[in-house]
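As structure tokens, the structure follows; a few thoughts come after it.
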Amino acid sequence: MIRVRFSPAPTGSLHIGSARTALFNWLYARHHGGVFLLRIEDTDVARSRDEWVVGIQETLRWLGIDWDEGPILQSSRFPVYLAAADRLLAQGDAYECYCTEEEVRERNDAAVAAGRAPGYDGRCRALTPDERVALAAEGRPRTIRFRTPDHGVSSFTDLIRGEVRVDWSLIPDFVIVRSDGAPIFFLANAVDDLEMGITQVIRGEDLIDSTHRVLALRAALGATDVPEYAHLPLIVDVESRAKLSKRHGAVALEDFRDDGYLPEALMNYIALLGWAPADDGDEVLDADALVAAFDLDRVTHAAAGFDRAKLDWLNGEWIRRLTREELIARVEPLARARFGDAYDAAVVDGAVGIAQERAVTLEQIVDQMAFLFVDEADFRIAPDSQAVVERTDRIGEVLDAVITHVELCDWTVDAVDFRAALTALGLSKKEIRGAMPALYAAVEGLPRGLPLFDSMHLLGRNRTLARLRAARNRLP
RNA sequence: GCCCCCAUCGUCUAGUGGCCCAGGACGCCGCCCUUUCAAGGCGGUAACGGGGAUUCGAACUCCCCUGGGGGCACCA
């Protein structure tokens, strides 16, 4: 039975890279009919926060990822890890170390300065019982270190990279229990993957070097089998080519959600970062299609750049694939938050109807309909747009003609179409097109926006007239 | 500094020795459509980092170089 896990540290919100790791684990489990479990790696108590434990789960659910087991909090399993550490101590695979953090750091710095590799120098490896007692009596902190081999080669077979090997002499002894008594990532990770029967470990490539240590720990713990490892290429900022970070714009999934991106689009886009379907077909894929097509053998090797432009395109595609009712339901919370008491369900429904075919994000849809919720007393043509109005040929005549038309026409979307009135003024089709931005600005505040006749209809005759007349009066 | 991983259009990628003077998608450019802006339709621009080797034949195999990324904690 295939068993995989996503094991984030709750030290922040879920970001793009972690979400992709979660997604690939989930897709792999669902594709192969395996079990997907969620394990929270909160062994670093100081940096872990309950709100992130909750937030990560909410965000995963929002994305469309569910799990079969968990969440399992490592903070609730400390006794298990500590017992394992004791066993390693008893077997001689680990030893007590009384070096302070500062001492280790100083000796590391000295080693680097002398041209040697940093890393623990093994000073406490061969302490006698008497020496240990003496050191402890000094009140020194005690950590437990795992003893790595001094010779030989560590190797494992990565599912997407093949054999990965490194000399053991390059991997120094490392801490598995802190001086405050808390177990460290490597230990908890090895113990849990073993006890939970994890069969494939799918994670970011930044962890590839730590695999040797976890595997050594696992073997020392008595494991006779080894899970398969698959190290995913990193997702990097497309500009800097470096690891994604806040400095490079939004990386937290919640930010994308708040900016009006759909979970369908995010899942779709993230899946395409480091993986591609077998054929050159449609790249717009829903969760079912991704599950059906996904497998590890098609994961790429090189780091992938996060490209906002393609996400935007996909988000627009997904907005167009939603039914109008679904889209309205997604826009509603954002619109309510933005417009407060002015919120009007009928107007939002109408605006969403005309916005759907052109939108990039939900937030943009709300932006585009904002002119419908502004009081006439507060309505203003944007300064730049006022210039567009004044620059338009025969704008006074045009506004007068449109005002007259709006005063007298039937109040249907088709009848609101004032173009015939402008033709009567002697304007050509091209000239009418040239006048449109000014009219958009007069009614919507900007020289571009939601289709004008629908917008005027939604706005109502009186408010439309008020804005047109105000624009007329503002002319020099 | 040492170690590990990686290297096809601007970006995401297809490609596993001949089907490739390299295909798709996003972006960009142009045209069409058009109620502004979009969306949509059509067309275009654009890449195998360099050098050796193997082979009748290399984007694909091997070596070197260069370049990029990651890791070397009492974070995960």
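Not measured: the values here are computed from a predicted model. Residue numbers begin at 1 in each chain, while the letters A, B, ... track the order of the sequences.
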request  = Tell me what A/Asp454 touches on the nucleic acid: a base, only sugar-phosphate, or nothing, going by heavy atoms under 4.0 Å.
outcome  = base
query = Using the P atom in both, what is the distance from B/rA7 to B/rG50, to the nearest Å?
reply = 15 Å
ask   = Just to confirm, is there a sub-4.0 Å distance from OP1 or OP2 of B/rA76 to any side-chain nitrogen or oxygen of A/Thr43?
value = yes
ask   = Can we call the ring centroids of A/Phe306 and A/Phe256 under 6.0 Å apart?
value = yes
request  = Sticking with atom P, work out how far B/rC37 lies from B/rC31, rounded to a whole angstrom.
outcome  = 13 Å
ask   = What does A/Leu234 touch in the nucleic acid at a heavy-atom separation under 4.0 angstrom: a base, only the sugar-phosphate, or nothing?
value = sugar-phosphate
ask   = Is A/Glu102 touching bases, backbone alone, or none of the nucleic acid, heavy atoms closer than 4.0 Å?
value = nothing
ask   = Do A/Arg132's NZ or CZ and the ring of A/Tyr98 fall within the cation-pi criteria of under 6.0 Å and 45°?
value = no
ask   = In whole angstroms, how far is the P atom of B/rG27 from the CZ atom of A/Phe306?
value = 15 Å
task = For nucleotides B/rG49 and B/rC6, find the distance between their P atoms and express it as a whole number of Å.
result = 15 Å
note = Which of A/Arg125, A/Arg145, A/Arg147 passes salt bridge (Lys or Arg N to Asp or Glu O under 4.0 Å) with A/Asp173? It is A/Arg125
query = Got a donor-acceptor pair under 3.5 Å from the side chain of A/Glu283 to the base of B/rG24?
reply = yes
ask   = At under 4.0 Å between heavy atoms, what does A/Arg47 touch on the DNA or RNA strands: base, sugar-phosphate, or nothing?
value = base
inquiry  = Once rounded to the nearest 0.5 Å, what's the spacing between atom CD1 of A/Ile40 and atom OG of A/Ser7?
reply    = 9.0 Å
Inter-nucleotide P distance (B/rG44, B/rA22), Å rounded = 14 Å
message = Any donor-acceptor pair, under 3.5 Å, between the side chain of A/Arg358 and the base of B/rC37, if you only look at N and O atoms?
response = yes
ask   = Under 4.0 Å between a side-chain N/O of A/Arg308 and OP1 or OP2 of B/rC26, yes or no?
value = no
request  = Could you check A/Arg298 against A/Gln364 and say which one's nearest nucleotide on RNA chain B is further toward the 5' end?
outcome  = A/Arg298
message = Between B/rA38 and B/rC29, how many Å separate the two P atoms, rounded to a whole number?
response = 10 Å
request  = Verify the contact: side-chain N or O of A/Arg419 to OP1 or OP2 of B/rU36, cut-off strictly under 4.0 Å; return yes or no.
outcome  = no
query = So what does A/Phe186 touch, heavy atoms closer than 4.0 Å: a base, only the sugar-phosphate, or nothing?
reply = base
ask   = Say you pick atom P in B/rG30 and the same atom in B/rC63; how far apart are they, in whole Å?
value = 47 Å
request  = Return the stacking result for B/rC26 and A/Trp313: yes when the ring centres lie under 5.5 Å apart and the planes under 30°, no otherwise.
outcome  = no
ask   = When you match A/Ala278 and A/Ser179 each to their closest nucleotide on RNA chain B, which lands nearer the 5' end?
value = A/Ala278
query = Does OP1 or OP2 of B/rC74 have a side-chain N or O of A/Arg145 closer than 4.0 Å?
reply = yes
Distance-only donor-acceptor test, A/Asp209 side-chain atoms vs B/rG70 base atoms, 3.5 Å = yes
query = Under 4.0 angstrom, heavy atoms only, what part of the nucleic acid is A/Leu314 near: base, sugar-phosphate, or nothing?
reply = nothing
ask   = With sugar-phosphate meaning primed atoms plus P, OP1 and OP2, does A/Ser210 contact a base, only sugar-phosphate, or nothing at under 4.0 Å between heavy atoms?
value = nothing
key: Inter-nucleotide P distance (B/rU66, B/rG51), Å rounded   = 15 Å
ask   = In whole Å, what separates the P atom of B/rG1 from that of B/rA39?
value = 48 Å
ask   = NA contact type, A/Glu41, heavy-atom cut-off 4.0 Å: base, sugar-phosphate, or nothing?
value = sugar-phosphate
